[in-house]
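Only one structure is covered here, and it is reproduced in the block below.
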Amino acid sequence: MQTPPTVPGIFLPGSPIDLVKCWSSLFNVEGCVLEIAKSIFSGKFENVEAACCKAFSTLDANCWPHMFPLNPFFPPLLKDNCARIVPNSPTHN
């Protein structure tokens with residue numbers, strides 16, 4: 001089984017949650033991880049496309065603190081933005 005490439009500095013190694021599983025749906029959408037990384041560093045969401053939003057909306061919220069430990073506010077912001085891009089996406093509760 002081949003593991004997807006990692007994004008240095010985005011998550012902590014040795015976390016108990018399965019980060020490969022958390023990231024896998026994002027790596028399956030071409031360019032999605034890059035779009036998200038650009039959004040993290042720029043604070044702008046206009047480059048995140050609908051397919052990436054759909055994949056992000058399927059992530060388990062328990063993955064978020066492990067995937068984005070340096071910016072806990074990013075996942076809900078992206079989720080809310082994605083709800084505008086993809087109207088049927090669930091919003092963060």
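A quick note: this is a predicted structure, and the numbers were derived from the prediction, not measured. Note that these values count all heavy atoms, side chains included, but never hydrogens, waters or copies made by symmetry.
Ring centroid separation for the pair Phe56 and Trp64 comes in under the 6.0 Å cut-off.
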Could you go through the side chain to side chain contact (heavy atoms under 4.5 Å, CB included) check for Lys79 and Ser57 one step at a time? CA-CA 6 Å; Lys79 190 109 174 170; Ser57 70; 4.0 Å; yes
Decide side chain to side chain contact (heavy atoms under 4.5 Å, CB included) for Leu59 and Met67; before the verdict, give the C-alpha distance in whole Å, the side-chain angles of both, and the deciding distance to 0.1 Å. CA-CA 10 Å; Leu59 290 177; Met67 294 171 73; 3.9 Å; yes
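Hydrophobic clustering, with ILVMFWY side chains joined whenever heavy atoms are under 4.5 angstrom apart, keeps Leu19 apart from Val29.
Considering all non-hydrogen atoms of both residues, Ser25 and Ala55 come closest at O-CB, 3.7 Å. Nearest heavy atoms, Cys52 versus Leu26: O-CD2, 4.5 Å.
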Donor-acceptor pairs are to be reported for all side-chain atoms of residues 38-46 against protein atoms at under 3.5 Å, with residues two or more places apart or in another chain.
{"unit_1": "Ser39", "atom_1": "OG", "unit_2": "Glu35", "atom_2": "O", "d": "3.1"}
{"unit_1": "Ser39", "atom_1": "OG", "unit_2": "Lys44", "atom_2": "O", "d": "2.9"}
{"unit_1": "Ser42", "atom_1": "OG", "unit_2": "Lys38", "atom_2": "O", "d": "2.8"}
{"unit_1": "Ser42", "atom_1": "OG", "unit_2": "Lys44", "atom_2": "N", "d": "3.0"}

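Of the inter-residue distances, the one linking Phe68 atom CZ with Cys22 atom SG reads 9.5 Å to the nearest 0.5 angstrom. For the atom pair NZ of Lys54 and SG of Cys82, the computed distance is 11.5 Å after rounding to the nearest 0.5 Å.
Judged purely by atom type and a 3.5 angstrom limit, Asn81 has no side-chain atom pairing as donor or acceptor with the backbone of Leu77.
Looking at residues two or more places apart in sequence or on another chain, you find a side-chain contact (heavy atoms from CB on, under 4.5 Å) between Ala50 and Ile85, Val86. With sequence neighbours excluded, the residues satisfying side chain to side chain donor-acceptor pair (under 3.5 Å) with Asp60 are Asn62.
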